[in-house]
Trainee: 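The structure that follows is given in the form of structure tokens.
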Amino acid sequence: MGETTAVEDYGRLLRRGVVEIIVEEELVKLLESGRKLRLKQGFDPSRPDIHLGHVVGLRKLRQFQELGHQLILIVGDWTAQIGDPSGESATRPMLSAEEVRANAETYMKQFFKVVDQEKTKVVWQSEWFGKFTLADVIALTSKFTVAQMLQRDDFAKRYALGRPIAITEFLYPLLQAYDSVVIEADVEFGGTDQKFNCLVGRELQQMVGQPPQQVFLMPLLVGTDGSQKMSKSLENYIAVDEPPSEMYGKVMSIPDDLMMDYFELLTDVPDKELEEFRAELDSQSVNPMVLKKRLAREIVAEFHDEQAANEAEVAFERQVQRRELPEEIPALRVGDAWWGRDETAIERSWDLVYLLCEAKLSKSRSEAKRLIAQGAVEIDGKKVTGDRVPLEEIHDGSVIRVGKRRFVKIGKAD
RNA sequence: GGCGGGGUGGGUGAGUGGCUAAUACCAGCAGACUGUAAAUCUGCCGCCGAGAGGCUUCGUAGGUUCGAAUCCUACCCCCGCCA
């Protein structure tokens, strides 16, 4: 494919889904030097779940790997104990070595869904920080000033507002920077919120006589709520290990405005095609839903496969768009007493409230009553209006539905 | 060491003796509509109770009062400022 491919790859590599490159000319020089670059990516094994917000960066790493570069993945078993200072960081409980290892394993299993494991070397922070003495800590911290730390937007804001900043939070960027020195990173990757930390890395490297790493900053993906960055604590995330239909549905639930960002950052749909999509959306010549379905398929296929994506789509169309029943419905086994032979027989009816609770379709009796009152409950497609349901309305195999997405199939207990 | 601020329902955050199961916003749930689990609109959103109503909740434990998230006491926790 020759030279054109190389040029195209650079364009895609350096433009799509990139906010800022520090320093771009230097990075280009490195790329053109033909040297195998050392790419740095770290993670804290405090939260092992990877969601699409992380994937934006991981895809970029993969693109670099495709060009033959070497990824060094740092397991932040020390920084995990500090917690990245993003806001009101509650002090984290110390994780045991066991937990850290387990988390790291879970993390990497998901990580290598996107990133090429063959071209990745995994190292642990404890390999170097485990040997750190107080003297080393003092030496490291003495290289920086509080004023420098306060350059970081997050710190500056909190300081101005009189919000607390823990001393260990200042340590975080320093440890991260030291990582760069140890592994002699050529390029570090991160979301835009990582800018400060990455820049500290550059400085520290220069202080010890290393060439400073290049910094590659990517946009923060907005979560399914459409307003805040995707994060686990905000409950607006799509995890990479979610089942296909769940993933598909969550993608469909993002606001239309977010669609093109997702396309750009999370799929390989060519730029040219994305341009067409934008034009179609602008001129309203396409139903956004159609494009969003394409997006959902692309994403599901990336983490599962084509077939799973198609099945998820079929399920979505049936269950959400046409409000039909899903293929698989959880079953609730009901004992003989419930079939009207004992106390229920006296009233000749089912206690639907009780049934909903038993079936875990409702958290409490109060909620169950509300749901019924709001017309959210139907039995075999018939809307229910009262708490009591005549015995004959429910038989073996009846399906109770609450809202659009909750179902249970009633069956006799063995 | 001194001074001050604060701990309220999943979150933010009102409320300074009864009208407060507790304003508002966000999230969540449901319904309608639809072009999707988008958007919009409407309703719901502690628990128990068929209902009337009852019970539990505002850091913890006591107390004052006919009555407390609101007052008092002690304790716990968080934060800022000045040294």
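Residue numbers start from 1 in every chain, and the chains themselves are labelled A, B, ... in the order their sequence lines are given, proteins ahead of strands.
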Trainee: Are any of A:T224's side-chain N or O atoms less than 4.0 Å away from OP1 or OP2 of B:rA37?
Mentor: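 No, outside the criterion.
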Trainee: Between A:I21 and A:V215, does a side-chain contact (heavy atoms from CB on, under 4.5 Å) hold up when you go through it step by step?
Mentor: CA-CA 6 Å; A:I21 299 171; A:V215 175; over 6 Å; no
Trainee: Nearest whole angstrom, please: distance from the P of B:rC79 to the OH of A:Y159.
Mentor: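 My rounded result for the distance is 16 Å.
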Trainee: Counting heavy atoms from C-beta on, name the nucleotide in B:rU36, B:rC44, B:rG80 closest to the side chain of A:P164.
Mentor: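 The closest nucleotide is B:rG80.
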Trainee: B:rA37, B:rU36, B:rA30: which one has an atom nearest the side-chain heavy atoms of A:K292?
Mentor: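 Shortest atom-to-atom distance from the side chain points to B:rU36.
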Trainee: Please state whether the phosphate of B:rU36, meaning OP1 or OP2, lies under 4.0 angstrom from any side-chain nitrogen or oxygen of A:S253.
Mentor: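 Result: no.
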Trainee: Step through it carefully: locate the ring centre of A:F112, locate the ring centre of A:Y107, and say whether they are under 6.0 Å apart.
Mentor: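 They do not qualify: ring centres at least 6.0 Å apart.
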Trainee: Using atom P in both nucleotides, what's the gap between B:rC25 and B:rG46 to the nearest angstrom?
Mentor: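 About 15 Å, rounded to a whole number of Å.
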Trainee: Of the candidate nucleotides B:rG35, B:rA30, B:rC44, which contains the atom at the shortest distance from the side chain of A:M289?
Mentor: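 Nearest nucleotide to the side chain: B:rG35.
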Trainee: Without decimals, in angstroms, what is the distance between A:K404 NZ and B:rG28 P?
Mentor: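 The answer, rounded to whole Å, is 13 Å.
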Trainee: Would you kindly give the NZ-to-C1' distance between A:K369 and B:rC44, to the nearest whole Å?
Mentor: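 Result: 15 Å.
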Trainee: NA contact type, A:L258, heavy-atom cut-off 4.0 Å: base, sugar-phosphate, or nothing?
Mentor: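 No contact.
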Trainee: Would A:R158 count as a cation-pi partner of A:F155, with NZ or CZ less than 6.0 Å from the six-membered ring centre and within 45° of the ring normal?
Mentor: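 The answer is no; the distance or angle limit is not met.
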Trainee: Could you tell me whether the phosphate oxygens of B:rA32, OP1 or OP2, come under 4.0 Å of any side-chain nitrogen or oxygen in A:K383?
Mentor: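 True: A:K383 side-chain N/O within range (under 4.0 Å) of B:rA32 OP1/OP2.
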Trainee: Distance check needed: B:rG28 C1' versus A:L371 CG, whole Å only.
Mentor: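 My rounded result for the distance is 12 Å.
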Trainee: Return the minimal non-hydrogen interatomic distance between A:I50 and A:Q110, and the atom names on each side.
Mentor: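 Closest approach of A:I50 to A:Q110, heavy atoms only: N-OE1, 2.7 Å.
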Trainee: Measure from the side-chain heavy atoms of A:D256 and tell me the nearest of B:rG35, B:rG51, B:rG31.
Mentor: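 Shortest atom-to-atom distance from the side chain points to B:rG35.
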Trainee: Can you tell me the distance, in whole Å, between the CG atom of A:D225 and the P atom of B:rC25?
Mentor: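 Spelled out: CG on A:D225 to P on B:rC25 is 18 Å.
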Trainee: Which nucleotide in the list B:rG35, B:rC47, B:rA37 gets nearest to the side chain of A:R405?
Mentor: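 Minimum distance to the A:R405 side chain belongs to B:rA37.
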Trainee: Closest-nucleotide mapping onto RNA chain B: is A:G375 or A:E246 further toward the 5' terminus? I mean the 5' end.
Mentor: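 This one resolves to A:G375.
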Trainee: So if I take every side-chain heavy atom of A:R406 and compare against B:rA30, B:rU36, B:rC47, which nucleotide ends up nearest?
Mentor: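 My answer, after comparing the listed nucleotides, is B:rA30.
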Trainee: Considering every strand shown, what is the Watson-Crick or G-U wobble mate of B:rA24 when both distances are under 3.5 Å?
Mentor: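 B:rA24 is paired with B:rU12.
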Trainee: Write down the distance between CD1 (A:I238) and P (B:rA37), rounded to a whole number of angstrom.
Mentor: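 To the nearest whole Å, that distance equals 15 Å.
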Trainee: Side chain of A:R365, heavy atoms from C-beta onward: which of B:rC44, B:rG49, B:rA30 has the nearest atom to it?
Mentor: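 Nearest to the side chain of A:R365 among the choices is B:rG49.
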Trainee: Could one point to a donor on the side chain of A:Q374 or the base of B:rG31 with an acceptor on the other under 3.5 Å away?
Mentor: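 Such a pair does not exist between side chain and base.
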Trainee: Give the rounded distance in Å between these two atoms: CD1 of A:I167 and C1' of B:rC79.
Mentor: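 Distance, rounded to whole Å: 15 Å.
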Trainee: Can you tell me if A:Q194 and A:Q176 form a side-chain donor-acceptor pair at under 3.5 Å?
Mentor: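 Yes, side-chain donor-acceptor contact under 3.5 Å.
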Trainee: Could you work out the separation of B:rG17 and B:rU65 based on their C1' atoms and round it to a whole Å?
Mentor: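 These two C1' atoms come out 9 Å apart once rounded.
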Trainee: Need one value for A:S364: base, sugar-phosphate or nothing, where a base atom within 4.0 Å counts as base even if backbone is also close, heavy atoms only.
Mentor: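 Touches sugar-phosphate only.
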Trainee: When you compare B:rA69 with B:rC19, how far apart are their P atoms, in angstrom units rounded to a whole number?
Mentor: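 So the two P atoms sit 10 Å from each other.
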Trainee: Please state the P separation for the pair B:rA37 and B:rG10 - nearest whole angstrom.
Mentor: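 Each nucleotide's P atom is 29 Å from the other's.
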Trainee: Is it the case that A:K250 places NZ or CZ above or below the six-membered ring of A:Y237, under 6.0 angstrom from the centre and within 45 degrees of the axis?
Mentor: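 Positive - A:K250 is close enough to the ring of A:Y237 and near enough to its axis.
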Trainee: In whole angstrom, give me the gap between the C1' atoms of B:rA32 and B:rA38.
Mentor: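 Pairwise C1' distance, B:rA32 against B:rA38, rounds to 16 Å.
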Trainee: Mind checking A:S227 for me? I need base, sugar-phosphate or nothing, with any heavy atom below 4.0 Å counting as a touch.
Mentor: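 Since no nucleic acid heavy atom lies under 4.0 Å of A:S227, the category is nothing.
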Trainee: Looking at A:Q117, I'd like to know if its CD atom is crowded, meaning that more than 12 non-hydrogen atoms belonging to other residues, nucleotides or ligands lie closer than 6.0 Å.
Mentor: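 It does not: A:Q117 CD has 12 such atoms or fewer within range.
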Trainee: Say we look at B:rU73 and B:rC66: how far apart would their C1' atoms be, to the nearest angstrom?
Mentor: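 Going atom to atom, C1' in each nucleotide, I get 22 Å.
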Trainee: Does any N or O donor sit under 3.5 Å from an N or O acceptor when you compare the side chain of A:K363 with the base of B:rG28?
Mentor: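 No, no donor-acceptor pair under 3.5 Å.
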Trainee: Choose from B:rU36, B:rC29, B:rA32 the nucleotide whose nearest atom is closest to any side-chain atom of A:R323.
Mentor: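 So the nucleotide nearest the side chain must be B:rA32.
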Trainee: Mind checking if A:G249 touches a base, just sugar-phosphate, or nothing, with heavy atoms under 4.0 Å?
Mentor: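 Base, at least one base atom sits under 4.0 Å.
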Trainee: Between P on B:rA37 and CD on A:E317, what's the gap in Å once rounded to a whole number?
Mentor: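 In whole Å, B:rA37 P and A:E317 CD are 12 Å from each other.
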Trainee: Could you pick out which residue, A:I254 or A:R370, lies toward the 5' side of RNA chain B when each is mapped onto its nearest nucleotide?
Mentor: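 Nearest-nucleotide comparison on RNA chain B picks A:I254.
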Trainee: Is A:R388 reaching over with its side chain to a backbone N or O of A:L352, donor-acceptor style, under 3.5 angstrom?
Mentor: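 Checked: no pair found.
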Trainee: Can you tell me the pairing partner of B:rG4 across any strand shown, Watson-Crick or G-U wobble, with both distances under 3.5 angstrom?
Mentor: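 Result: B:rC79.
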Trainee: Sticking with atom C1', work out how far B:rU70 lies from B:rU64, rounded to a whole angstrom.
Mentor: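 Each nucleotide's C1' atom is 14 Å from the other's.
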Trainee: Roughly how many Å apart are B:rG15 and B:rG59, using the P atom of each and rounding to a whole number?
Mentor: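 Going atom to atom, P in each nucleotide, I get 15 Å.
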Trainee: Using purine N1 to pyrimidine N3 plus N6-O4 or O6-N4 for Watson-Crick, or N1-O2 and O6-N3 for G-U wobble, both under 3.5 Å, which nucleotide pairs with B:rG51?
Mentor: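 Its partner is none (no Watson-Crick or G-U wobble pair with both distances under 3.5 Å).
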